[in-house]
Novice: 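Structure in structure tokens, see below.
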Amino acid sequence: MMSLSTSVIPLVLTVLMSTTAVAQSRTPTARERKARQLTLRAEDPPVLHPLHVAAHEVTTVTFDAPIVPESVDRSVLAPFFSRVAVHEDVLVLKASMDVPVGKEPVITVRFVGPGAPAQVGFVLTTVAAEVDSQVEVFRQGRTAQDLGKELADLRARCAVTEAGLATLRAQCALRGLGGAVLMGDVTREGVAVTYLLKPSSSPGMTAESPHVLYRTENTRALSTSLINAVGSAPWIPGFARMTPRGPNALPAREFPLLMHVKQLAPGEQATVVVEWPALPDLPAGTSFTLELLDAKGERGVRWEQVTP
């Protein structure tokens with residue numbers, strides 16, 4: 001009996017070790033979940049972009065432009081995926097198995113409307129090291145020419161703002177009524193005060209009356225109170241844009257906004273002032289569209305038919 005037991009033990013150990021080795025060999029290697037971006041350019045030739053998927057992993061592809069959900073061929077995905085969801089700007093895939101080598105499905109996603117590129121193609125593969133967890137697709141990346149134009153526009157706007165700030169710095173050096181007289185902003189003709197009506201539009205902001213317009217011989221200034229809505233992003237003062245409206249086309253002018261605070265947090269309110277020089281040589285009948293805008297030129301208030 002002792003000899004039999006002694007001979008059986010090594011055999012049992014061998015079988016257990018073999019079973020453990022087989023189980024370990026079948027354990028899938030952990031893949032690194034990747035988040036990456038893909039930029040499509042109109043000038044690039046069409047190619048198939050690899051999309052790494054894996055069994056039981058969710059891959060989400062988002063698009064910065066609307067897509068056509070019906071353009072995705074679900075039938076080629078059915079053998080490998082337990083979930084395929086296509087919405088107006090997102091594609092969600094969950095693989096039920098690793099995609100076998102040589103059987104990689106190919107899908108095409110078309111974009112809605114005109115523009116280039118019109119579509120993007122993906123080949124779905126499985127690799128050992130990684131899986132695409134999230135992929136952001138940008139339909140049209142900005143070219144060097146686009147960036148150059150944007151830089152030129154920013155430089156031009158900075159030059160306008162700097163010119164306005166130079167005037168304000170000179171005025172700040174001579175504060176008060178005496179300084180205004182020395183600067184020529186207030187003359188013996190005095191200051192006329194009028195009031196603007198309610199703004200014609202208020203994209204993202206609210207202007208609370210009174211909207212006071214001060215006129216001197218050489219200077220104009222508007223004072224109003226702006227309210228940033230609760231739940232909105234902070235409002236950073238930018239510039240006032242004055243666009244002439246009249247029989248002759250004249251260029252728009254931009255002037256910096258003045259506030260005691262650097263920005264308006266959601267729910268906050270503050271007085272905003274803009275000052276500009278008088279324009280005595282304007283053709284008769286010319287009026288202005290006056291906009292007070294944030295630093296991005298998006299949110300603010302607008303008045304139409306402002307008398308210069």
Novice: Quick one, S223 with V273, criterion side-chain contact (heavy atoms from CB on, under 4.5 Å). Give me CA distance, side-chain angles, the key distance, then yes/no.
Specialist: CA-CA 5 Å; S223 172; V273 175; 4.0 Å; yes
Novice: What I'd like to find out is whether the side chain of S96 reaches to under 4.5 Å of the side chain of R83, using heavy atoms alone.
Specialist: no
Novice: Does any part of the side chain of M97, heavy atoms only, come nearer than 4.5 Å to the side chain of F81, both counted from C-beta?
Specialist: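 Result no, sub-4.5 Å side-chain heavy-atom pair not found.
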Novice: Report, one line per pair, each donor and acceptor closer than 3.5 Å where one atom sits in a side chain of residues 231-238; sequence neighbours left out.
Specialist:
unit_1, atom_1, unit_2, atom_2, d
S232, OG, A229, O, 3.3
W235, NE1, R299, O, 3.0

Novice: Should we count CD of E88 as having more than 12 external heavy atoms under 6.0 Å?
Specialist: no
Novice: Any salt bridge between R31 and D98, counting N to O under 4.0 Å?
Specialist: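 A salt bridge is present here (some side-chain N lies under 4.0 Å from a carboxylate O).
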Novice: Do V120 and F63 have side chains that get closer than 4.5 Å, going by heavy atoms?
Specialist: yes
Novice: Which pairs with one or both residues in residues 109-136 pass salt bridge (charged side-chain N to carboxylate O under 4.0 Å, His left out), sequence neighbours excluded?
Specialist: R36-D132
Novice: After noting the C-alpha distance and the side-chain angles of V58 and V92, does the key distance pass the side-chain contact (heavy atoms from CB on, under 4.5 Å) rule?
Specialist: CA-CA 7 Å; V58 175; V92 181; 3.9 Å; yes
Novice: Is the number of heavy atoms from other residues, nucleotides or ligands within 6.0 Å of CZ (R215) greater than 12?
Specialist: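 Above 12, so yes.
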Novice: Quick check: does any side chain N or O of S133 sit under 3.5 Å from a backbone N or O of T59, one acting as donor and the other as acceptor?
Specialist: no
Novice: Has the side chain of R241 got a donor or acceptor atom that lies under 3.5 Å from a matching backbone atom of L293?
Specialist: no
Novice: Looking at OG of S202 and CD of E208, how far apart are the two atoms once the value is rounded to the nearest 0.5 Å?
Specialist: 12.0 Å
Novice: One pair to check against side-chain hydrogen bond (donor to acceptor under 3.5 Å, both in side chains): E104 and T125. What are the steps and the verdict?
Specialist: CA-CA 6 Å; E104 296 86 352; T125 65; over 6 Å; no
Novice: In Å, rounded to the nearest 0.5 Å, how long is the span from CE of M242 to CZ of R220?
Specialist: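 Separation between the atoms: 9.0 Å.
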Novice: Quick one: CG on L257 to CD on E275, what's the gap to the nearest 0.5 Å?
Specialist: 12.5 Å
Novice: Does the side chain of V212 come within less than 4.5 Å of Y195's, by heavy atoms?
Specialist: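 When only atoms from C-beta onward are counted, V212 and Y195 do touch, with a gap below 4.5 Å.
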Novice: Roughly how far, to the nearest 0.5 Å, is the OG1 atom of T206 from the CG atom of N228?
Specialist: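 It is 8.5 Å, given to the nearest 0.5 Å.
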Novice: Taking atom CG as the centre, does L48 end up with more than 12 heavy-atom neighbours from other residues, nucleotides or ligands that are less than 6.0 angstrom away?
Specialist: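 Enclosed.
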Novice: T243 and A252: which non-hydrogen atoms are nearest, and at how many Å?
Specialist: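 Minimum heavy-atom separation between T243 and A252: OG1-CB, 3.8 Å.
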Novice: Quick one: CG on L226 to OG1 on T271, what's the gap to the nearest 0.5 Å?
Specialist: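 Taking CG in L226 and OG1 in T271, the distance rounds to 9.0 Å.
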Novice: Ignoring hydrogens and angles, state whether a donor on the side chain of N218 or T216 is under 3.5 Å from an acceptor on the partner side chain.
Specialist: no
Novice: Could you give me the CA-CA distance, side-chain angles and deciding distance for T126 and V53, then say whether side-chain contact (heavy atoms from CB on, under 4.5 Å) is met?
Specialist: CA-CA 5 Å; T126 296; V53 298; 4.0 Å; yes
Novice: Would you say F111 and V109 make side-chain contact, with heavy atoms under 4.5 Å?
Specialist: no
Novice: Does R33 pair with E57 as a salt bridge, N-O distance under 4.0 Å?
Specialist: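 Yes, this pair counts.
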Novice: State, with a plain yes or no, whether a side-chain heavy atom of P117 is found less than 4.5 Å away from one of L40.
Specialist: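 In contact.
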Novice: Would you say L77 and L124 make side-chain contact, with heavy atoms under 4.5 Å?
Specialist: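 Side-chain contact under 4.5 Å: yes.
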Novice: Which atom names give the shortest non-hydrogen contact between F255 and P277, and what distance separates them?
Specialist: CE2-CD, 3.7 Å
Novice: With a 4.5 Å limit on heavy-atom distance, are the side chains of V86 and I67 in contact?
Specialist: yes
Novice: Of the options V272, L264, L292, D294, which is the one that meets M205 in a side chain to side chain contact (heavy atoms under 4.5 Å, CB included)?
Specialist: L264
Novice: Give, for atom CZ of R139 and atom CG of L38, the distance between the pair rounded to the nearest 0.5 Å.
Specialist: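 Going from CZ on R139 over to CG on L38, the span is 13.5 Å.
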Novice: Here's a test for you: under side chain to side chain donor-acceptor pair (under 3.5 Å), which of Q305, R302, E304 qualifies with T289?
Specialist: E304
